[in-house]
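Below you'll find the structure, written out as structure tokens, and then a few comments.
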Amino acid sequence: MFWTRSSRFVSLAIPLAVLSTGVVRADLVVTPPATNTAQTLDQWHDQMDAQLQRVARKLDSFFKRADDPESTGKSTGRVRLMLNIQDAETPSLNAAFSGKLALPCAEERLHLFVDNIKRGALPGAEDPTTSDNTLQAGLRFWLLRELRSRLSFESGVKFRGIPDPFGQVEFQYERKLDGWLGRFTQDAFYYAKERAGELTQVDVERAFRNQSVLRSTTAAQYTEESNGVEFEQTLLYDLPLHGRGRNLIPSASVFAHRNGSFLMDDYRVNITYRTSFFRPWLILEVTPQIEFPRERDYTFTPSLRIGFEIWLGSLPEDR
């Protein structure tokens, strides 16, 4: 996703720049000059990925024991850039950054993260980033990782002006039944400035032989800044196409809230096309959409989103 000002994207590059400053110059590998655009992009990507993994290994060394293996898990980084063009409005640019450093020697129970993703946003929110151009950094602890249940705790700081500490607890439970997978997720979070909130989400999905997935998502959230209790119901079908990393994803959503009376906020239908673009780690996404938002008196509103994802570490299909 992109923001309206290009300077915001510059701020998202700061975490990657910080990672690069942690690299010892003697560790840098000198690569031969690129002979074409693809090689240039791959060299840039490989250097950034190597720096990300090197920083993770250095941090992980604090937890390393004598009997631990030398191999480490892959840390991941993702930058998502998107242009949104809506009927009769100026095109908007948004950007989202998400980075995770895995520390395997900490028994896979500790991750470091840097992102600008808003906690407690409904899963179908078009712009789930923090709205005030901030970055967040912190630690994620896995308190429980069983066959069906997971419990994690996040603690970090939101940076903009005076630091805003926050914490989040997430519980997730999965269960398979006759080819279907049910997943229950409960989040509770607290920002020192924005106060408390919670998000409840239920996903029911089924995978088919052609590797396509049908998913229903029901969610409700409440925060001290939300319009009462906000609801979402989304149905989507993820259909893999021939070729690596190509998917067609039609979806339909309704949004509502209850603050005294119960009101419908939006009706939305879209179809997303995702594909590897030029390089395996670069993903192109195109989403034509129509919706009927309450803020426009339920007027027919078309829009088009065009975006890119840049992946470091694992690729999307390896998540």
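Only this structure's heavy atoms are used, side chains among them; waters, hydrogens and symmetry mates stay out.
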Q | Test salt bridge (Lys or Arg N to Asp or Glu O under 4.0 Å) applied to Arg150 and Glu170, step by step | A | CA-CA 8 Å; Arg150 294 187 178 187; Glu170 179 176 284; over 6 Å; no

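- Within the 4.5 Å cutoff, no side-chain heavy atoms of Tyr267 are placed close to those of Phe255.
- Criterion: ILVMFWY side-chain heavy atoms under 4.5 Å apart, direct or through other members. Under it, Leu122 and Ile117 are not part of a common hydrophobic cluster.
- Taking hydrophobic clusters as Ile, Leu, Val, Met, Phe, Trp and Tyr residues chained together by side-chain heavy-atom distances below 4.5 Å, Phe278 shares a cluster with Met48.
- Between Leu181 and Glu174, some side-chain heavy-atom pair lies under the 4.5 Å cut-off.
- Side-chain contact between Asp266 and Pro293: present, with at least one pair of heavy atoms (C-beta onward) separated by less than 4.5 Å.
- A cation-pi geometry, defined here as NZ or CZ lying under 6.0 Å from the six-membered ring centre and within 45° of its normal, does not hold between Arg279 and Trp281.
- Glu232 has its side chain within reach of Pro123: a pair of non-hydrogen atoms, C-beta onward, lies under 4.5 Å apart.
- By the 4.5 Å heavy-atom criterion applied to side chains, Ser216 and Gln233 are counted as neighbours.
- For Phe166 and Tyr191, the distance between ring centers is under 6.0 angstrom.
- Pairing each heavy atom of Trp180 with each of Leu214, the nearest pair is CH2-CD2, 4.3 Å.
- For the residue pair Asp203 and Gln201, the shortest heavy atom distance occurs at OD2-NE2, 2.8 Å.
- Nearest heavy-atom pair, Thr234 versus Ser253, reported as atom, atom and distance to 0.1 Å: OG1-OG, 2.7 Å.
- Tracing side-chain contacts under 4.5 Å through hydrophobic residues (I, L, V, M, F, W, Y), one reaches Leu239 starting from Val204; they form part of the same cluster.
- Ionic pairing of Arg296 and Glu291 is not present here: no N-O contact between side-chain nitrogen and carboxylate oxygen is shorter than 4.0 angstrom.
- Between Val157 and Pro163, the shortest heavy-atom distance links the atoms CG1-CB, 3.5 Å.
- Two residues are said to be in side-chain contact when any heavy atoms from C-beta on lie closer than 4.5 Å; Arg183 and Gln172 meet this criterion.
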As a quick check of understanding, evaluate salt bridge (Lys or Arg N to Asp or Glu O under 4.0 Å) for Glu285 and Arg274, giving each step before the final call.
CA-CA 5 Å; Glu285 183 176 293; Arg274 287 173 57 89; 2.7 Å; yes

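- Interatomic distance, Lys193 NZ to Asp164 CG, rounded to the nearest 0.5 Å: 5.5 Å.
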Margin query: Pair Arg195, Glu225 - check salt bridge (Lys or Arg N to Asp or Glu O under 4.0 Å), show working.
Written below: CA-CA 9 Å; Arg195 303 304 177 184; Glu225 295 185 343; over 6 Å; no

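- No option in Ile271, Thr287, Leu236 other than Leu236 meets the side-chain contact (heavy atoms from CB on, under 4.5 Å) test with Ile249.
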Worked check of salt bridge (Lys or Arg N to Asp or Glu O under 4.0 Å) between Arg294 and Asp265: CA-CA 5 Å; Arg294 183 172 62 90; Asp265 293 322; 3.1 Å; yes

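- The heavy-atom pair separating Gly313 from Gln53 by the smallest distance is CA-NE2, 3.8 Å.
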Open item on the list: Does Leu241 form a side chain to side chain contact (heavy atoms under 4.5 Å, CB included) with Tyr273? I'd like the steps, not just the answer.
Closed with: CA-CA 10 Å; Leu241 302 177; Tyr273 174 70; 3.8 Å; yes

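- Between Asn210 and Ser212, the side chains place a donor N or O and an acceptor N or O closer than 3.5 Å (distance only, hydrogens not considered).
- Aromatic rings of Phe308 and Phe277 (six-membered ring for Trp) have centroids within the 6.0 Å cut-off, being under it.
- In this structure, Arg119 pairs ionically with Glu154, as a charged nitrogen and a carboxylate oxygen lie closer than 4.0 Å.
- What you find for Asn247 and Pro240 is that their closest heavy atoms are ND2-CA, 3.9 Å.
- Taking 4.5 Å as the limit, some side-chain heavy atom of Ile310 sits within range of a side-chain heavy atom of Leu282.
- For the pair Leu41/Gln39, no side-chain contact is recorded, criterion being any heavy-atom separation below 4.5 Å from C-beta on.
- Rounded to the nearest 0.5 angstrom, Leu143 CG and Ser149 OG are separated by 13.0 Å.
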